[in-house]
Amino acid sequence: MNLVMTIISITTILSIVLALVSFWLPAMTPNYEKLSPYECGFDPLGSARLPFSLRFFLVAILFLLFDLEIALLLPLPWADQLPNPLLAFSWACTILILLTLGLAYEWQQGGLEWAE
């Protein structure tokens with residue numbers, strides 16, 4: 001019981017000290033550049049009705065799709081322990097084939113070309 005109370009008191013004191021230091025440590029003179037909003041390279045004070053690049057949006061969506069692919073295929077190494085691992089591997093191959101066909105279609109349509 002004594003060890004548990006010692007650990008709890010040390011962690012409490014350490015967290016209080018770190019919280020107090022985090023309030024005192026930062027500079028109190030704010031910088032204009034740090035206070036201005038950052039909008040991914042766009043002018044935050046300009047008009048909100050400027051045309052948005054569709055190619056930038058397409059690359060962002062492709063990035064999200066392939067990021068989702070990694071999340072879907074992450075449990076694949078443990079699929080060999082299932083009673084029917086062939087089913088898991090066939091679903092993984094289906095996902096890969098669909099994404100590869102979609103990438104080939106976008107490439108063929110010229111959606112991945114930045115310069116015309």
With rounding to the nearest 0.5 Å, note down the distance linking CG in Leu65 to CD in Glu106. 9.5 Å
Spacing of Leu96 atom CG and Leu72 atom CG [to the nearest 0.5 Å]: 10.0 Å
Look at the side-chain heavy atoms of Ile, Leu, Val, Met, Phe, Trp and Tyr, link any pair under 4.5 Å apart, and say whether Leu99 and Leu68 land in one connected group. yes
Could you give the side-chain donor-acceptor pairs of residues 73-89 under 3.5 Å, partners two or more places apart or in another chain?
none

Please tabulate, one pair per line, all N/O donor-acceptor pairs under 3.5 Å involving side-chain atoms of residues 5-20, not counting sequence neighbours.
unit_1: Thr6; atom_1: OG1; unit_2: Asn2; atom_2: O; d: 2.7
unit_1: Ser9; atom_1: OG; unit_2: Met5; atom_2: O; d: 3.1
unit_1: Ser9; atom_1: OG; unit_2: Thr6; atom_2: O; d: 2.9
unit_1: Thr11; atom_1: OG1; unit_2: Ile7; atom_2: O; d: 3.0
unit_1: Thr11; atom_1: OG1; unit_2: Ile8; atom_2: O; d: 2.9
unit_1: Thr12; atom_1: OG1; unit_2: Ile8; atom_2: O; d: 2.7
unit_1: Ser15; atom_1: OG; unit_2: Thr11; atom_2: O; d: 3.1
unit_1: Ser15; atom_1: OG; unit_2: Thr12; atom_2: O; d: 2.9

